[in-house]
Every structure is written in C-alpha cells, then in structure tokens.
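Reading through the structure tokens given below for one structure.
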Amino acid sequence: MSEVETFEHDVLVIGAGGAGLRAAIEASAGGVSVGLVCKSLLGKAHTVMAEGGIAAALGNVDERDNWRVHFADTMRGGQYVNNWRMAELHAREAPERVRELEAWGALFDRTPDGRILQRNFGGHRYPRLAHVGDRTGLEMIRTLQDHGIHQGIDVHMECTVLALLKDEGRVVGAFAYERARGRFRLFKAKAVVLATGGIGRAYKITSNSWEYTGDGHALAYHAGADLADMEFIQFHPTGMIWPPSVQGILVTEGVRGEGGVLRNKEGHRFMFDEIPEAYRKQTADNEEEGWRYTQGDRNARRPPELLTRDHVARCIVREIKEGRGSPHGGVFLDISWIKQRLPNAAERIKKKLPSMYHQFKQLADIDITAEPMEVGPTTHYVMGGVSVDADTQMSTVPGLFAAGECAAGINGANRLGGNSLSDLLVFGKRAGEFAARFAKDNAPGRIDTRQTEEAARRALAPFEPRAANGGEGPYSIQEELQDMMQDLVGIVRKEEEMRRALQGIRALAERATRVRVTGNREYNPGWHTALDLDNLLVVAEMVARSALERKESRGAQFREDYPDKDESFGRVNLVVRKSAEGELQLSRRPIPEMPEELKKIIQEMA
Ligand SMILES: Cc1cc2nc3c(=O)[nH]c(=O)nc-3n(C[C@H](O)[C@H](O)[C@H](O)COP(=O)(O)OP(=O)(O)OC[C@H]3O[C@@H](n4cnc5c(N)ncnc54)[C@H](O)[C@@H]3O)c2cc1C
C-alpha cells in the first residue's frame with residue numbers, strides 16, 4: 001500500500017462545524033488529547049453560513065419563555081416522533097450554552113437594556129433566537145475557533161475521512177486522505193466523534209455547500225451503527241430561484257420574522273388559506289394581528305408565514321402547481337411592504353437583514369427594500385442521522401459518538417429554525433465530554449491493517465484502467481442522482497415514484513463501481529467527487545427506503561398516496577443498519593414512553 005502518515009489522539013473529532021468544535025473544546029477540557037479533522041479549511045464549515053440565530057429560551061425579550069415552552073414547541077414541530085429526552089436536554093441546556101458562548105466573546109445583537117436580543121422564528125412561541133444580524137453562524141464559528149485554538153487541539157485541515165476502523169466491535173480510528181496531496185492518513189483514537197453535518201448534495205436544489213455529501217451518515221452505516229429517521233428531509237420554504245446559477249441559496253426565515261409576507265402572482269397572501277389544526281389557536285387570523293406579532297406585540301399571535309417549514313414549503317408548492325406562481329416558478333416574498341407601516345423601513349431592513357440585502361442586490365440585482373424577492377423550496381437539512389444515546393451521544397457502536405446535523409433524534413419529523421445551532425452547542429458539548437470519558441476508560445485498540453489496506457484499495461480504484469466499457473466520470477452519475485432525488489423523493493412523495501428512484505439508485509450504484517478518473521492524486525476534484533459519490537448513493541438509498549416504509553404524512557414527509565397521519569407510525573422511529581450480508585436493513589423501533597412530567601408540559605402548552 002502507498003505511504004501512510006500516522007497520527008494518534010485520544011479523541012478524534014471528524015468535522016469542524018459548530019458541533020465538532022464544541023465537542024473538541026469539551027474533550028480537550030476533559031484532559032485528553034484531541035484531533036480535529038475537516039474536509040475544507042477551518043472556519044469554512046457549514047455552520048458559518050447559518051443566518052437567523054440560535055434558539056434558546058433565555059426569556060430576554062419575553063419573560064414568559066422558558067425551557068418548558070421550548071421543549072413543547074420542539075416536540076410539536078417534530079410531530080412527537082422526536083427523542084423526547086434529547087428535546088428536554090436541548091431546551092434545558094441551550095440558554096447556558098448561549099451565555100457561555102457570550103462569555104467566550106460572541107457579540108450578539110442587544111436589547112435596549114444590554115441583554116442578548118432574541119427574534120421571532122417559525123414554530124417558536126416567543127422571540128427566542130439569539131442572533132447577530134443575519135450572520136449568526138459566522139459569529140458562532142469565530143468564537144468557537146478562537147476559544148478552541150487555545151485548547152491545544154490538533155487540527156487536520158483539508159483532510160477527508162474515508163473509513164472508520166474497528167477492533168472487536170469498537171471504533172479505534174479512522175482512515176483519511178489529504179485533499180491537497182492525495183496522501184493517506186491513519187488516525188488512531190480511543191474514541192471518535194462524528195460531526196460531519198448534512199446530506200443536502202444528494203438533491204439538485206439545495207442550500208448546502210459542496211461538503212455535505214452525507215459522509216458521516218455513510219461512515220457510521222458502514223461501521224455498523226444504527227441510523228434513524230432518514231425519511232425526514234427538511235425543504236426550507238424560501239430559497240432563491242433566480243437566476244439559475246444561484247438556485248437554492250437560502251433566504252433566511254428571519255425575513256418573515258421581521259415582517260416579510262408570502263404572496264402569489266395574484267398578490268394574494270395565501271398562507272392564511274390553510275392553517276393546520278394543531279397551530280390554529282396560536283396563529284393570527286388576520287393580517288393586522290400578524291404584523292403586530294412581528295413588531296413585538298405580546299398579545300398578538302404569529303402570522304401564518306411563521307408556521308413550521310414543512311407546512312410553509314407545501315403551501316408554496318401548492319400555489320406553484322396550481323398556476324399561481326411567480327414568473328420563474330416560485331412565489332413572492334415581500335419585506336419591502338413594511339414601508340407602508342414604518343417610516344425608516346429601508347434602513348431597518350438593511351440593518352436587520354444585511355446579508356439578504358447584499359445577496360439579492362449582488363446575485364439577482366433586486367433591491368429587497370423596494371421590491372419583492374422570488375423564492376421556492378430548497379433542500380436544507382436532514383433530521384435523520386446516527387442514532388445516539390440522548391445523554392452521552394454515543395452511537396450503537398462503542399467508541400463512536402455523533403453530534404449536530406449528522407445525529408438523529410432531537411428534531412423528529414421536522415426541525416424548528418434556530419434549533420440546529422443550539423443542538424450543536426448542547427450535544428457537541430455532551431459528545432466531547434463523554435468521548436473524553438470513554439477515552440480515559442479504554443486502552444487504545446489494535447489497528448487491523450487489512451481494514452486500512454481495503455480502504456486504500458477502494459479509494460484508489462477510480463484510477464485503475466477500466467475494462468472494455470472504459471468506465472465513466474463521476475459527475476454525470478452525481479447529477480443524475482441529484483435530479484432523481486429531487487424529482488422522485490422530494491417534497492411530495494408517492495410509492496410508485498420512490499420505487500423508481502430505488503431502482504435508479506441501484507443502477508447508479510452499479511455504474512459507480514466502474515467510475516474512472518484521470519490525472520494524479522494531487523488536488524483532483526474528479527477523484528474527490530468519485531469518493532463522495534459512494535456516500536451520496538448510500539444515503540439516497542436510506543432516504544428512499546425509509547420514505548417508502550413510512551406510509552403516512554408527518555412533518556417533512558408528505559405522501560400524496562397517504563396524506564394523513566397514521567397513529568401507528570407516530571409510535572415508532574424507522575431505523576436503518578447494514579446487515580451482516582452488507583444489505584440495508586430497515587426496522588421499526590418503538591419510541592419509549594414519555595415520563596408523565598414531560599407529557600404534562602405538552603398538555604399544558606397545547
Ligand atoms: C444557509 C444556511 C443557513 C442556516 N441558518 C441556520 C440558523 O440560522 N439557525 C440554525 O439553527 N440553523 C441554521 N442552519 C442549519 C445549520 O447551519 C446546520 O445544520 C449546522 O451548522 C450543522 O452544523 P454541524 O456542526 O453539524 O456541521 P457543519 O457545520 O455542516 O460541519 C461539518 C464539518 O464536517 C466536515 N466533514 C464532513 N465530511 C467529512 C469527512 N468525510 N472527513 C472530514 N471532515 C468531514 C466538514 O468539512 C465540516 O467541517 C442553516 C443552514 C444553512 C445552509
């Protein structure tokens with residue numbers, strides 16, 4: 001096998017977004033040596049793109065808020081298939097994690113009396129999102145990095161993990177390649193934390209960057225871990241749709257939180273047309289009340305634009321399908337209308353939504369202070385992922401932990417905006433803490449060279465000369481997969497289409513075994529794409545199989561052929577794992593009974 005450089009850490013964290021950085025900080029504080037690996041440069045992880053804010057019941061803007069309300073909102077948003085213990089821990093601990101971030105130097109927007117300012121967001125009963133304009137992720141990453149680099153963490157940038165290594169059932173390291181030079185690296189570790197983010201690149205239209213190819217999901221799967229809820233993919237209702245080169249780029253929910261409204265081509269505010277029963281009591285029934293809510297009137301109810309993302313996305317799709325869409329196939333999102341209500345509206349929009357202002361001005365030549373935006377749904381977030389113990393974040397494979405978007409549980413069938421950034425802080429910390437404990441309690445494992453040799457052989461296979469049919473490049477397969485997932489396993493799903501998708505995925509997987517790349521191993525994007533492709537294909541199969549199995553509509557999963565909820569599915573999570581024969585196995589796992597104390601909270605908040 002070609003040359004391999006070896007590194008040894010007590011805890012190896014894979015991923016340098018909010019979850020990975022927070023885990024690395026905590027593990028390091030636990031007194032163990034920590035390595036942090038990331039595909040791109042430090043500071044470039046997805047988290048940096050986060051806009052609207054971090055959800056935490058600080059109660060700074062409305063003192064009626066507390067962890068109980070946040071817990072109930074999260075469970076209702078997730079349609080009660082969440083891991084209730086994770087939802088509880090998240091709601092209880094998020095305020096402390098945000099205050100800690102502030103103590104480490106994060107500069108949040110302020111209330112007039114100097115406390116952290118909080119804004120309204122979909123599905124949150126009270127203003128709850130701590131934010132920095134619409135650039136919250138940047139501040140979060142900057143703060144965690146500044147804090148983290150003083151903890152003695154070893155950072156391995158532009159390094160992609162290809163396989164997890166096991167010894168007698170326990171994870172004991174990882175095998176990776178350097179993107180720049182193409183050389184292999186072997187990481188020995190007593191515990192590994194996966195914090196690899198999402199899978200958005202399995203779809204054609206997405207807000208996710210090139211890094212989000214479901215690597216952590218695939219690594220965990222091949223290592224034998226359970227994954228849960230993979231059918232629940234969040235399509236954010238508002239992505240840019242025009243010009244085509246920027247399709248999918250996110251338009252933060254903060255626009256609607258600040259008073260932005262959705263209209264169809266007839267100028268009709270269609271979100272008032274359909275309000276789900278579970279939210280009727282909490283939702284404004286007239287425009288005036290909705291406006292007052294966005295301006296902080298505590299007696300007003302939220303406008304229907306701030307209903308959960310799954311619902312808003314489906315209403316937009318309905319308008320488009322029924323011929324009431326905007327010229328480029330979306331709907332209109334208008335914040336400029338607030339000038340009818342506020343004297344200094346343009347300045348306010350620029351101050352509150354600076355990135356949105358620049359994004360539309362520079363990419364679409366639209367001045368959002370003067371005219372509406374055109375928006376449509378974009379693949380944004382995966383609720384499903386590695387199944388973990390709520391308290392420790394350990395997966396079903398000893399020594400393997402997961403946190404952040406690549407882990408499952410807290411969000412159930414649908415994530416509320418802002419709950420990801422707080423999830424990263426709460427569960428990143430927990431994963432780091434318990435991985436460090438695990439590392440202290442366990443001796444290093446044995447590295448089996450057969451596993452590293454096999455990983456290297458697979459990685460280099462695309463360079464091999466191919467037989468008669470010659471093989472094909474990875475890009476066409478990737479594109480076909482993205483088109484297929486978008487069309488057949490998208491926002492609105494039905495059995496026949498998903499069966500076609502599954503057949504298609506298998507055919508693409510077969511073609512992928514013959515993928516061929518040219519050039520050498522030094523920074524070779526074709527090769528990198530070929531390696532990512534295997535992960536995308538595995539993840540796509542998990543999504544399609546789980547979505548087929550869940551014969552009901554719940555949260556982000558909308559089945560045209562099963563448009564209603566089915567109570568029996570409300571009692572289970574769908575779990576996928578790799579069988580001994582290497583096949584994807586799907587099972588239903590009953591959700592444990594919720595303690596009376598938590599049930600009571602949900603009833604009280606209904
Ligand atoms: C535009 C946008 C705006 C958003 N706004 C908000 C918001 O306001 N509030 C909110 O709560 N959520 C928001 N989200 C969602 C939120 O940002 C993400 O869910 C979250 O940042 C994910 O963080 P993470 O730490 O799990 O992973 P990421 O930040 O995605 O980081 C993943 C890390 O893993 C690394 N990695 C991946 N694969 C490998 C591999 N094979 N080997 C080595 N390293 C690997 C990557 O290089 C990266 O460092 C937004 C998302 C987007 C796209």
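Order of appearance sets the numbers: ligands from 1, and atoms from 1 within every ligand. Computation of the quantities below employed the complete heavy-atom set of this structure, encompassing side-chain atoms and omitting hydrogens, waters and symmetry-equivalent molecules.
At a 4.0 Å heavy-atom cut-off, ligand 1 touches Ala195 through the backbone alone. Using a 4.0 Å cut-off between heavy atoms, Ala176 makes no contact with ligand 1 at all. Contact annotation for Thr160 and ligand 1: heavy atoms of both the backbone and the side chain come within less than 4.0 Å of the ligand. Residue-level proximity to ligand 1 for Asp215 is carried by the side chain, the only part with a heavy atom below 4.0 angstrom. Residue-level proximity to ligand 1 for Leu162 is absent, since no heavy atom of it falls below 4.0 angstrom. The side chain of Leu250, and not its backbone, has at least one atom closer than 4.0 Å to an atom of ligand 1 (non-hydrogen atoms only; side chain from C-beta on).
Heavy atoms of Cys159 come nearer than 4.0 angstrom to ligand 1 in at least one pair. Using 4.0 Å as the threshold, His380 has a heavy atom nearer than that to some atom of ligand 1. For Gly418, the heavy-atom gap to ligand 1 drops under 4.0 angstrom. Residue Gly53 places a heavy atom under 4.0 Å from ligand 1. Ligand 1 lies less than 4.0 angstrom from a heavy atom belonging to Ile14.
Heavy-atom contacts from other residues, nucleotides or ligands closer than 6.0 Å to NZ of Lys351 number 12 or fewer. Counted within 6.0 Å of CZ on Arg458, heavy atoms from surrounding residues, nucleotides or ligands total 12 or fewer; the atom is thus considered open. The local environment of NZ in Lys204 is sparse, with at most 12 non-hydrogen atoms from other residues, nucleotides or ligands closer than 6.0 Å.
By the 3.5 Å distance cut-off applied to N or O atoms, Gly52 is counted among the residues near ligand 1. For ligand 1, the polar-atom distance check against Gly18 finds a nitrogen or oxygen pair separated by under 3.5 Å. In terms of polar-atom proximity, Glu211 is counted as a contact of ligand 1, with an N or O under 3.5 Å from an N or O of the ligand. Inclusion of Ala16 in the set of residues having an N or O under 3.5 Å from an N or O of ligand 1 is warranted.
Atom 27 (O) of ligand 1 has its closest protein heavy atom at Gly197 CA, 3.4 Å. Of the protein's non-hydrogen atoms, His46 CB, 2.8 Å is the one closest to atom 30 (O) of ligand 1. When only non-hydrogen protein atoms are considered, atom 10 (C) of ligand 1 lies nearest to Leu421 CG, 3.4 Å. Protein heavy atom nearest atom 29 (O) of ligand 1, with residue, atom name and distance: Thr47 OG1, 2.5 Å. Of all protein heavy atoms, the one closest to atom 12 (N) of ligand 1 is Arg415 NH1, 3.4 Å. Of the protein's heavy atoms, Val161 N, 2.9 Å lies nearest to atom 42 (N) of ligand 1. The single protein non-hydrogen atom nearest to atom 6 (C) of ligand 1 is Ala50 CB, 3.5 Å, given as residue, atom name and distance. Ranking protein heavy atoms by distance to atom 19 (O) of ligand 1, first place goes to Glu405 OE1, 2.7 Å.
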#### Entry: Audit row: Ser209, His46, side chain to side chain donor-acceptor pair (under 3.5 Å) steps and yes/no
CA-CA 7 Å; Ser209 83; His46 214 173; 5.3 Å; no
### Task
Show your reasoning for whether salt bridge (Lys or Arg N to Asp or Glu O under 4.0 Å) applies to Arg22 and Glu26.
CA-CA 6 Å; Arg22 191 63 192 82; Glu26 200 62 22; 3.0 Å; yes
### Task
Please step through salt bridge (Lys or Arg N to Asp or Glu O under 4.0 Å) for the pair Arg201 and Asp532, ending with a clear verdict.
CA-CA 10 Å; Arg201 288 280 152 174; Asp532 291 345; over 6 Å; no
### Task
Evaluate the salt bridge (Lys or Arg N to Asp or Glu O under 4.0 Å) criterion for residues Arg430 and Glu93: first the C-alpha distance (whole Å), next the side-chain angles of each, then the deciding distance (0.1 Å), finally the verdict.
CA-CA 11 Å; Arg430 283 181 168 270; Glu93 294 176 8; 2.6 Å; yes
### Query
Does the pair Asp215 and Lys39 meet the rule for a salt bridge (Lys or Arg N to Asp or Glu O under 4.0 Å), with working shown?
CA-CA 10 Å; Asp215 298 8; Lys39 247 168 142 169; 2.9 Å; yes
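Taking the six-membered ring where the residue is Trp, Tyr523 and His528 present perpendicular rings, their angle passing 60° and hence far from 30°. Ring geometry for Phe463 versus Trp527: interplanar angle of 30 to 60°, hence tilted. Relative orientation of the Phe121 and His124 rings is tilted, given thresholds of 30° and 60° on the angle between their planes.
Residues Asp310 and Gln234 bring no donor and acceptor atom of their side chains to less than 3.5 Å of each other.
Across Ala130 and Leu58, no two heavy atoms sit closer than the pair CB-CD1, 4.5 Å. Shortest non-hydrogen contact noted between Ile241 and Gly330 is CD1-N, 3.3 Å.
Remark: Arg521 is positioned above the aromatic ring of Phe184, its terminal NZ or CZ atom under 6.0 angstrom from the ring centre and at most 45 degrees off the axis.
Listed by number with element, the atoms of ligand 1 under 4.0 Å from a non-hydrogen atom of Tyr212 are 28 (P), 30 (O), 31 (O), 32 (C), 48 (C). Atom numbering of ligand 1 starts at 1 in the shown order; those under 4.0 Å from a heavy atom of Ala19 are 25 (O). If you number the atoms of ligand 1 from 1 as listed, the ones under 4.0 Å from a heavy atom of Tyr381 come out as 19 (O). Taking every heavy atom of Ser40 and a limit of under 4.0 angstrom, the matching atoms of ligand 1 come to 47 (O). Remark: ligand 1 atoms within the under-4.0 Å shell around heavy atoms of Ser207 are 53 (C). Per-residue contacts place Val37 under 4.0 angstrom from the following atoms of ligand 1 (heavy atoms of the residue considered): 44 (N). The atoms of ligand 1 that sit less than 4.0 Å from any heavy atom of Gly404 are 26 (O). Numbered from 1 in the order shown, with element, the atoms of ligand 1 that lie under 4.0 Å from a heavy atom of Met49 read 1 (C), 2 (C), 3 (C).
Counting only distance, with no hydrogens or angles, the side chain of Asp226 and the backbone of Ser387 share no donor-acceptor pair below 3.5 Å.
Checking each of Met157, Arg183, Glu522 against Glu178 for a side chain to side chain contact (heavy atoms under 4.5 Å, CB included) leaves exactly one that passes, namely Arg183.
Taking CD of Glu258 as the reference point, atom CG of Asp134 lies at 9.5 Å (rounded to 0.5 Å).
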